[in-house]
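The structure appears right after this line, and notes come after that.
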Amino acid sequence: SELITPMREMPADLPITDLDGDPVTAQSLHNQWLLVTVGASSCDDRCSKNLVLMRQLRETLGREKGRIDKIWLVSDAQRPAAALLEATGATALHVTPAALSAWLAPASGHALEDHLYVVDPMGQWMMLVLSRRYSTLPALASVIACLMFGVTVPAFGDGIKPLGPRILPRRPTVPIMSGLAITVSNS
């Protein structure tokens, strides 16, 4: 994985369309973390692996998984198979590789399709993930959790240490009986 510095803003005029050919604004993809992959509608083995990896990464976030969306940028004008779309749960959108090159860039010696791209809620591409390294799934999940929430995923060890607390902050507890406690909410 590689952090992108400086982060690259999603071009406001990126020509995105949904599978029916209706325009989708880049702004509509803001306000949510995105895991993005690029691939043809025929979805070869590399594409399938990326879609599976995106699903696995999202699931590792547990109850926080709703804070990240999976986006498949389909690089040709064809419609992916309905069964594939249903199985992956990814949102498929059409965009040409030429248009994407104004925003995303693969690592040296690789193609756009070799990676996952992490995009922050402001629409800035901020991390490149070489997706063929499946052995790094736990570490990658920890990195994404750290970036999104400022925490590590405890089940995967320390991973990257955030500047803030190591795990989600705990609410104060007040003992009410020996061995029992209730959670006090300040809200």
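Just so it is clear, the model here is predicted, and its values are computed rather than measured. Residue numbers count from 1 along this sequence.
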Path from [X] to [Y] over hydrophobic side-chain contacts below 4.5 Å:
X      : Y      : value
Met127 : Leu34  : no
Leu61  : Met126 : yes
Leu116 : Leu112 : no
Leu29  : Leu35  : no
Leu128 : Leu73  : yes

Calculate, to the nearest 0.5 Å, the distance between atoms [atom1] and [atom2] belonging to [X] and [Y] respectively.
X      : Y      : atom1 : atom2 : value
Trp125 : Glu9   : CH2   : CD    : 13.5 Å
Arg58  : Arg67  : CZ    : CZ    : 12.5 Å
Thr37  : Lys70  : OG1   : NZ    : 12.0 Å
Asp44  : Glu113 : CG    : CD    : 8.0 Å
Leu100 : Met10  : CG    : CE    : 9.5 Å

Closest non-hydrogen atom pair, [X] against [Y]:
X     : Y     : value
Pro80 : Leu19 : CD-CD2, 3.8 Å
Leu51 : Ala90 : CD2-CB, 4.1 Å
Ala26 : Ala12 : CB-O, 4.0 Å
Ala40 : Val74 : C-CG1, 4.3 Å
Cys43 : Ser48 : SG-N, 3.4 Å
Gln78 : Ser41 : CB-OG, 3.0 Å

Over 12 foreign heavy atoms within 6.0 Å of CD, Glu59: yes
Test applied, side-chain contact (heavy atoms from CB on, under 4.5 Å); reference residue, Gln124; option that passes from Met7, Arg8, His30: Met7
ILVMFWY cluster membership beyond Met122 - transitive side-chain contacts under 4.5 angstrom: none
Student check: side-chain heavy atoms of [X] and [Y] closer than 4.5 Å:
X      : Y      : answer
Ile68  : Leu57  : no
Thr91  : Asp69  : no
Pro106 : Asp114 : no
Trp72  : Leu84  : yes

Sequence-distant partners of Glu2, salt bridge (Lys or Arg N to Asp or Glu O under 4.0 Å), two or more places apart: none
Ile71 vs Tyr117, side chain to side chain contact (heavy atoms under 4.5 Å, CB included): CA-CA, chis, key distance, verdict: CA-CA 10 Å; Ile71 304 292; Tyr117 304 87; over 6 Å; no
Derivation of the side chain to side chain contact (heavy atoms under 4.5 Å, CB included) call for Val119 and Trp33: CA-CA 6 Å; Val119 179; Trp33 284 91; over 6 Å; no
Pairs meeting criterion side-chain hydrogen bond (donor to acceptor under 3.5 Å, both in side chains) with involvement of residues 18-27, two or more places apart: Asp20-Arg79
Side-chain (Gln32) to main-chain (Gly66) donor-acceptor, under 3.5 angstrom: yes
